[in-house]
Peer 1: 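One structure, pasted below without further comment.
Within every chain, numbering begins at 1; the chains are lettered A, B, ... in the order of the sequence lines, protein sequences first and strands thereafter.
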Number of protein chains: 2
Amino acid sequence: MSQFFYICSMDVKEILEQGNNSFLPNLSIDMVIIGYKGNVLKCLLLKIGKNWLLPGGYIRLDQSVDEAAQNILKQRTGLENSHLKFLSVFGEKNRQFKKVMKEFFEKTGMEWTEDYWFNNRFVSLAYYSLVNIDKTHPSVSHFDEAFAWFDFDELPEMWMDHKSIVNTARQRLKEDIRNEQMTYNLLPKEFTMPELYQLHQVILEKKIERSRFQKKMLSTGLFERLPELQKTTPGRNPYQYRVKIDL
Amino acid sequence: MSQFFYICSMDVKEILEQGNNSFLPNLSIDMVIIGYKGNVLKCLLLKIGKNWLLPGGYIRLDQSVDEAAQNILKQRTGLENSHLKFLSVFGEKNRQFKKVMKEFFEKTGMEWTEDYWFNNRFVSLAYYSLVNIDKTHPSVSHFDEAFAWFDFDELPEMWMDHKSIVNTARQRLKEDIRNEQMTYNLLPKEFTMPELYQLHQVILEKKIERSRFQKKMLSTGLFERLPELQKTTPGRNPYQYRVKIDL
DNA sequence: TCAAAAGTGTTCCTGTTACACCCATGT
DNA sequence: ACATGGGTGTAACAGGAACACTTTTGA
């Protein structure tokens, strides 16, 4: 199990205090936050009760949906103006967090009542974000639960339809990397071609021809070569590249 | 102006009666319904007050979002299980129908009050649907307003952000026809290659090479050739094709 | 038989696939 | 010098663009 644990926060108190009148009462945001470490794609999950779920939140009346999403991402990771893309709508009729919330409240000793507004049925807007794991730092607040980066291939039991949301993001990432070669925050600013090559293979879940890959990447004109890197590995030293700054 | 007018219904009465407790109070569906006639793409719009808007509706608590969308499409066009695809979310913070509704209520002599639930801020889920104009038949109900098929290039003034929703659909249709060659309901069951060719040109808004087009279409294996059509046009008679029935 | 419209073929070009080869470096 | 891994080159192939050509039909 290649997870590393932190302490994380559910901003339940804030949500309770602001309550019904501050948020759209039937819309939630779920966020698939994706990182890359040790040649594996990872996904940030929170633990509530016995199962896990995606980080998420609600939309304030004075926020646009996109603002709310950026805000949630910042709350969860500390990142501002990071990569963030709308994924899909999940609108099945029985989508409600009642069971999850009850378990969470009982576990943390908080009072739970049937008519809390977040027991409503929620339609969820799913987003996904690519982040540099090392640059994220979680905020800790009143009610702390575990959170962890899970390998995509080792997802735990998750609440509701959250596993299918993650899988939707997984597929979407595949499509997106074919169109825009951007790796956003998945690699450090400077990286070698073999590293980029590895990442693409991991995302696409298949072998790519090394020579073809190099030519394709260079022909996009998106990358610029830096002076060579000194490595102590057996073979030849790879060049370093970085994304041209225009984007 | 190549519009043809009908009489149409806003199911306002139903919405009023069922009211607050039957619908998700902050989510609406807007639908870009697209047809094709006389070599022009057309879009179905309703008139309320002085401006036009997209057909749409709300989501009942006992419906999934997709069910609600199918239901709305059926109400507006009479079509069941037709082509219907999710488009995008429109979630700006000041999206509300207050102004539109007030104008509509005053015009039709209905009582209007500030606190009607549909004066709320709404986040809108946009869908688009390709239909055969000749197979649509509008339902008429308590409150009738004009509705019309507008050419994409001659859109009228529209309420709120509805014009940008239409344009999003216009772009999406372009992308989609590149990937799946399906024309769904835009052409009759049997059609000639020149007709299909015309349609693609209109959707993509550019000239295509006739020869390349024909080979590409036939190479997909999606179409099967029927006995020739008798036409009284000057030149050679074109073959008829139809989509193979598997899809 | 000629013009109009439908449909086919040929050439060029670009991007993909698969494979072989060369280069730099540490042991 | 040689194994290891980084990087380049070439031939075969498929799909797209541009253009010329043949076929069928009504006047």
Side-chain angles (χ1 to χ4, degrees), chain A residues 38-39 174-183 187-244, chain B residues 38-39 174-183 187-244:
Chain A
N39 287 345
K174 272 190 207 182
E175 294 164 25
D176 283 0
I177 197 131
R178 289 179 187 278
N179 302 329
E180 358 161 8
Q181 279 73 32
M182 301 302 291
T183 57
L187 289 179
K189 259 211 181 68
E190 274 125 42
F191 50 87
T192 66
M193 203 44 83
E195 284 167 347
L196 185 63
Y197 170 64
Q198 250 312 108
L199 174 59
H200 276 243
Q201 286 195 142
V202 169
I203 289 176
L204 295 171
E205 293 181 293
K206 68 170 190 182
K207 294 270 170 217
I208 314 174
E209 260 299 312
R210 180 70 178 76
S211 70
R212 205 182 65 70
F213 177 79
Q214 180 118 353
K215 267 179 289 186
K216 184 175 175 182
M217 288 302 120
L218 295 179
S219 72
T220 63
L222 281 171
F223 306 99
E224 64 181 346
R225 179 181 284 183
L226 305 175
E228 281 200 32
L229 162 77
Q230 296 304 327
K231 267 173 58 174
T232 40
T233 47
R236 176 178 177 175
N237 289 350
Y239 295 106
Q240 293 217 101
Y241 294 87
R242 74 172 164 215
V243 175
K244 283 188 187 168
Chain B
N39 287 346
K174 271 191 206 182
E175 295 165 24
D176 283 0
I177 196 127
R178 289 181 188 277
N179 302 329
E180 357 162 6
Q181 280 73 32
M182 300 303 290
T183 58
L187 289 179
K189 259 210 181 70
E190 273 122 43
F191 51 87
T192 67
M193 204 45 82
E195 284 167 348
L196 185 62
Y197 170 64
Q198 250 313 106
L199 174 59
H200 277 244
Q201 286 195 140
V202 169
I203 289 176
L204 294 171
E205 292 182 293
K206 68 171 189 182
K207 292 274 170 212
I208 314 173
E209 260 300 311
R210 180 71 178 76
S211 70
R212 205 181 63 70
F213 178 79
Q214 179 118 353
K215 268 180 287 187
K216 183 175 176 184
M217 288 302 120
L218 294 179
S219 72
T220 63
L222 282 171
F223 306 99
E224 63 182 346
R225 180 180 282 183
L226 304 175
E228 281 197 33
L229 162 77
Q230 297 304 326
K231 267 173 57 173
T232 39
T233 47
R236 175 176 177 174
N237 290 348
Y239 295 106
Q240 294 218 99
Y241 294 87
R242 75 173 163 213
V243 176
K244 284 187 186 171

Peer 1: Can you list the residues that meet the side chain to side chain donor-acceptor pair (under 3.5 Å) rule with B:Asp176, with sequence neighbours excluded?
Peer 2: B:Lys85, B:Tyr128

Peer 1: Are B:Phe213 and B:Met193 close enough that some pair of their side-chain heavy atoms sits under 4.5 Å apart?
Peer 2: yes

Peer 1: Walking along DNA chain D from 5' to 3', note the first and the last nucleotide with an atom under 4.0 Å from a heavy atom of chain B, and give both.
Peer 2: D:dG16 to D:dG26

Peer 1: Can you sort out the partners of A:Thr220 under side chain to side chain contact (heavy atoms under 4.5 Å, CB included), two or more places apart, ordered by chain and number?
Peer 2: A:Gln181, A:Leu222, A:Phe223

Peer 1: Run the side chain to side chain contact (heavy atoms under 4.5 Å, CB included) test against A:Lys206 and tell me which residues pass, sequence neighbours left out.
Peer 2: A:Arg178, A:Leu204

Peer 1: Would you mind telling me which residue lines up with the more 5' stretch of DNA chain D, B:Ile208 or B:Arg236, judged by nearest nucleotide?
Peer 2: B:Ile208

Peer 1: Taking only residues two or more places apart in sequence or in another chain, which ones pass salt bridge (Lys or Arg N to Asp or Glu O under 4.0 Å) with A:Lys174?
Peer 2: A:Glu205

Peer 1: For B:Asn179, what residues pass the side chain to side chain donor-acceptor pair (under 3.5 Å) criterion, not counting sequence neighbours?
Peer 2: none

Peer 1: State the OG1-CG distance between A:Thr183 and A:Leu199, to the nearest 0.5 angstrom.
Peer 2: 6.0 Å

Peer 1: Just how far, in rounded Å, is C1' of C:dT16 from CE of A:Met217?
Peer 2: 13 Å

Peer 1: Residues two or more places apart in sequence or in another chain: which of them pass side chain to side chain donor-acceptor pair (under 3.5 Å) with A:Arg236?
Peer 2: none

Peer 1: Atom CD of A:Glu228 and atom OG1 of A:Thr192: how far apart are they, to the nearest 0.5 Å?
Peer 2: 11.5 Å

Peer 1: From OH of A:Tyr239 over to C1' of C:dT25, roughly how many Å is that when rounded to an integer?
Peer 2: 13 Å

Peer 1: Roughly how many Å is it from CD in B:Glu209 to P in C:dG9, rounded to a whole number?
Peer 2: 16 Å

Peer 1: Tabulate atom names and distances for all N/O pairs under 3.5 angstrom spanning the protein and nucleotides 10-14 of chain C.
Peer 2:
| unit_1 | atom_1 | unit_2 | atom_2 | d |
| --- | --- | --- | --- | --- |
| C:dT10 | O4 | B:Lys215 | NZ | 3.3 |

Peer 1: Starting at CD1 of A:Ile208, measure out to CD of A:Gln214 and round the result to the nearest 0.5 Å.
Peer 2: 12.5 Å

Peer 1: Please list residues of residues 193-206 of chain A whose heavy atoms come under 4.0 Å from any atom in DNA chain D, ordered by number; otherwise none.
Peer 2: A:Met193, A:Pro194

Peer 1: Residues in side chain to side chain donor-acceptor pair (under 3.5 Å) with B:Gln198, at least two apart?
Peer 2: B:Gln201

Peer 1: At 4.0 Å (heavy atoms only), tell me whether A:Gln214 reaches a base, stays on the sugar-phosphate, or touches nothing.
Peer 2: sugar-phosphate

Peer 1: Is there a donor-acceptor pair closer than 3.5 Å between any side-chain N or O of A:Tyr241 and the backbone N or O of A:Leu218?
Peer 2: no

Peer 1: Measure from NZ on A:Lys207 to C1' on C:dT17 and round the result to the nearest Å.
Peer 2: 17 Å

Peer 1: Using C1' atoms of five pairs at each end, report the bend of the helix from C:dT1-D:dA27 to C:dT27-D:dA1 rounded to 10 degrees.
Peer 2: 30°

Peer 1: In whole Å, I'd like the distance from the CZ atom of B:Arg210 to the C1' atom of C:dA6.
Peer 2: 6 Å

Peer 1: Name all residues meeting the salt bridge (Lys or Arg N to Asp or Glu O under 4.0 Å) criterion together with B:Arg242; count only those two or more places apart in sequence or in a different chain, and write none if there are none.
Peer 2: B:Glu190, B:Glu224

